[in-house]
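Just so it is clear: chains get the letters A, B, ... in the order the sequence lines come, proteins before strands, and each one is counted from 1. Reckoned from all heavy atoms, side chains included, excluding hydrogens, waters and symmetry mates.
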Number of protein chains: 2
Amino acid sequence: MSSKQVNQIHNSINRVVHEPVRLAILKILTSAKEVDFNFLLTTLGLTKGNLATHISKLEMAGFIEVKKEFRGKIPHTSYRITRTGRHQFQKYWKNMKALAPE
Amino acid sequence: MSSKQVNQIHNSINRVVHEPVRLAILKILTSAKEVDFNFLLTTLGLTKGNLATHISKLEMAGFIEVKKEFRGKIPHTSYRITRTGRHQFQKYWKNMKALAPE
DNA sequence: ATAATTGGTTTGTATTAAAAACTGGTTTTT
DNA sequence: AAAAACCAGTTTTTAATACAAACCAATTAT
């Protein structure tokens, strides 16, 4: 008779959310209704390529919405968190707390 | 005049601690005084190789202490958290909270 | 004797975070 | 009017690493 694994909390941690840069992005997006590429770039102090890849991951996971428009002649990209994103962010923290001290 | 980056919390996140499996190990080690390889193996449901590499990382970072002994003729390895480990675990969570909702 | 188990370590692979290089334009300088 | 510099990103490359598979050495069971 084999016994079951009961304490595998680490498996409940969503890797898309878990990455620190993406956590920071999601945190920002939960309090601002909308932010743009350059705001994130300067606020987080990332390279453009790095930011772009993190953004893609969040978009592909359905956690953020991307809006592309022209401001005059210049392209402008901005982001919002989706309902799913907000939900998963909450859920992530709920799971993480099981790994916190106390 | 260039402005400074103020919101780079993600850089404060210690990657050695941040990995979910290692978080789980550290969590366990903060409440038990000492645990052994097999306890972690079955509790966490990992492969031996995977556990061994996580253990190494924690040891190299000075976060855990490894004790190797013979129990009769059988080798036995057990682990404790170090003062540094405990401290870094606390610090990690302090930093992480800056990325949490609310 | 041989097979299975224990207690690990070493090696290989696939993913991915991060930076560099590139693209398609626009604005500024000369 | 060209060229240089800049803007707003995307695509490509690289280096690190989580994870599993394979291995190893000794012990216990058949």
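Following rounding to the nearest Å, Ile55(B) (CD1) and dG7(C) (P) show an atom-to-atom distance of 15 Å. One atom, CG of Leu41(A), and another, C1' of dT10(D), lie 14 Å apart when rounded to the nearest Å. Look at CG on Leu46(B): it is 11 Å from C1' on dA20(D), rounded to the nearest Å. With rounding to whole Å, Glu69(B) atom CD is found 19 Å from dA26(D) atom P. Leu51(A) places its CG atom 13 Å from the P atom of dA8(D), with the value rounded to the nearest Å. Atom CZ in Arg71(B) sits about 14 Å away from atom C1' in dT6(C), given to the nearest Å. Distance, Ile25(B) CD1 to dA18(D) C1': 12 Å, rounded to whole Å. Distance CG (Asn11(A)) to P (dA18(D)): 15 Å, rounded to an integer number of Å.
Side-chain proximity of Asn50(A) to the nucleotides dT26(C), dT10(D), dA18(C) is greatest for dA18(C). The side chain of Glu19(A) has dA17(C) as its nearest neighbour among dA17(C), dT10(D), dG7(C). The side chain of Lys57(A) sits closest to dA17(C) out of dC19(D), dA17(C), dT11(D). In this structure, the nucleotide among dA18(D), dT11(D), dA20(D) sitting nearest to the side chain of Thr47(B) is dA20(D).
At least one side-chain nitrogen or oxygen of His54(B) sits closer than 4.0 Å to the OP1 or OP2 atom of dC19(D). Put simply, Asn38(A) has no side-chain N or O that comes within less than 4.0 Å of OP1 or OP2 on dC7(D).
Position along DNA chain C of the nearest nucleotide to Gly49(A) versus Thr53(B) favours Thr53(B) as the more 5'-ward residue.
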If you apply the rule salt bridge (charged side-chain N to carboxylate O under 4.0 Å, His left out), what do you find for Arg80(B) with Glu34(B), and how did you get there?
CA-CA 5 Å; Arg80(B) 288 173 189 236; Glu34(B) 190 171 289; 2.7 Å; yes
Run the salt bridge (charged side-chain N to carboxylate O under 4.0 Å, His left out) check on Glu69(B) and Arg71(B) step by step: do they pass?
CA-CA 7 Å; Glu69(B) 59 180 338; Arg71(B) 297 242 171 126; 3.4 Å; yes
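Using a 4.0 Å heavy-atom distance criterion, Lys48(A) is classed as a base contact. Among the protein residues, Arg22(B) comes within range of the sugar-phosphate backbone only, with heavy atoms under 4.0 Å from sugar or phosphate atoms but none that close to a base. Contacts of Arg15(B) with the nucleic acid, taken as non-hydrogen atoms under 4.0 Å apart, involve only primed sugar atoms and P, OP1 or OP2.
Taking the six-membered ring for Trp and thresholds of 30 and 60 degrees, His18(A) and His18(B) have nearly parallel ring planes, at less than 30 degrees apart.
In this structure, the side chain of Asp36(A) engages the main chain of Phe39(A) through a donor-acceptor pair within 3.5 Å.
Taking the six-membered ring for Trp, His76(A) and Phe70(A) have ring centres at least 6.0 Å apart.
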